[in-house]
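Contents: one structure, followed by commentary.
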Amino acid sequence: VGAVPVVEDAVAQLANNEGANAIAWAGLAPSCLLVGTAFRWLRMYDLRGGDGSPVLSCHAHAKTVCGVACDPFNPYRVVTHSDEAGGVVKGWDVRAVRDNAPLFVISTTGKGGVLQVGWCPTRSGLLSTVVDGSSSVHLWEVDHAMARFAEGLPTGTLPASGSSAGVAMPSAGTPSH
């Protein structure tokens with residue numbers, strides 16, 4: 001196998017004296033990076049300039065933010081997850097993140113924290129989760145649950161189209177912080 005180039009120098013460093021645990025490029029602007037921190041924050045940095053300070057910040061979870069994922073169909077929507085017991089996933093609109101009020105909250109049924117989340121790249125609003133201690137991958141129809149909530153209907157458990165398994169809908173009520 002021949003020699004390969006080695007990239008040695010970072011072009012920038014972004015930090016607020018806290019550990020960065022998760023990153024994702026923001027869908028709304030290719031120059032923005034979302035960072036989940038060890039101190040429970042979701043921060044967004046704009047790499048086009050400035051002093052390296054975050055342009056947006058919100059207290060996202062009660063424990064470390066372990067993951068950030070951007071919705072491929074909605075550039076303003078991201079989800080975060082933590083290693084909190086009970087497996088909490090929160091959805092955010094980055095245009096309103098300063099309010100520290102998530103768009104939705106998914107309380108998974110696992111005993112441990114959420115290990116990973118992922119948006120489906122081909123089906124709008126479909127989110128997958130893997131929870132520590134669970135033998136299953138769970139699928140959540142976020143858009144459907146949010147629409148039902150907006151109409152004042154229960155979000156309950158509904159079958160996923162094309163699936164024989166039930167998909168638990170997140171509670172879209174006023175989340176507790």
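The distance from the CZ atom of R43 to the OG atom of S57 is 4.0 Å, given to the nearest 0.5 Å. Put simply, NE2 on H61 and CG on L42 are 8.0 Å apart, with the number rounded to the nearest 0.5 Å. Taken from SG in C120 to CG in D71, the straight-line distance is 10.0 Å, to the nearest 0.5 Å. From W25, atom CH2 reaches atom SG of C70 across 11.0 Å, with rounding to the nearest 0.5 Å.
Partners of D143 by side-chain hydrogen bond (donor to acceptor under 3.5 Å, both in side chains), not counting sequence neighbours, listed by chain and number: R77, S124. With sequence neighbours excluded, the residues forming a side-chain hydrogen bond (donor to acceptor under 3.5 Å, both in side chains) with D93 are R95, listed by chain and number. With sequence neighbours left out, the side chain to side chain contact (heavy atoms under 4.5 Å, CB included) criterion links N21 to A38, T64. Under the rule for a side chain to side chain contact (heavy atoms under 4.5 Å, CB included), the partners of L115 that lie at least two apart in sequence or sit in another chain are V130, D132. For W119, there are no ring-ring contact (aromatic ring centres under 6.0 Å, His included) partners at least two apart in sequence or on another chain.
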Stepwise side chain to side chain contact (heavy atoms under 4.5 Å, CB included) check, T80 with V89: CA-CA 6 Å; T80 58; V89 176; over 6 Å; no
Worked verdict on T129 versus V137 for side chain to side chain contact (heavy atoms under 4.5 Å, CB included): CA-CA 6 Å; T129 60; V137 173; over 6 Å; no
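In summary, the side chains of R40 and H59 do present a donor paired with an acceptor at a separation below 3.5 Å, with no hydrogens or angles considered.
Side-chain contact check for W92 versus L103: every heavy-atom pair is 4.5 Å or farther apart. Looking only at side-chain heavy atoms (C-beta outward), V79 and K90 stay at 4.5 Å or farther from each other. Considering only heavy atoms from C-beta on, V142 stays 4.5 Å or farther from L126 through its side chain. Looking at heavy atoms from C-beta onward, T108 lies in side-chain contact with W140 at the 4.5 angstrom threshold. Inter-residue side-chain proximity for V55 and Y45 is flagged as unmet; no heavy-atom pair is nearer than 4.5 Å.
Closest of all the heavy-atom pairs between A69 and V117 is CB-CG2, 3.9 Å. Taking all atoms of both residues into account, the shortest heavy-atom contact from P72 to P121 is CG-CA, 4.1 Å. Between A60 and V65, the shortest heavy-atom contact is CB-CG2, 4.0 Å.
Side-chain atoms of S128 come within 3.5 Å of backbone N or O of G118 as a donor-acceptor pair.
Under the 4.5 Å side-chain contact rule for hydrophobic residues, F73 and M146 do not share a cluster.
Applying the side-chain hydrogen bond (donor to acceptor under 3.5 Å, both in side chains) test to every pair with at least one member in residues 26-38, sequence neighbours left out, gives these pairs: E18-T37, S31-D46, S31-R48.
Heavy atoms of other residues, nucleotides or ligands lying less than 6.0 angstrom from OH of Y76 number 12 at most.
For the side-chain contact (heavy atoms from CB on, under 4.5 Å) with M44, the lone residue among L34, V35, V68, V78 that qualifies is L34.
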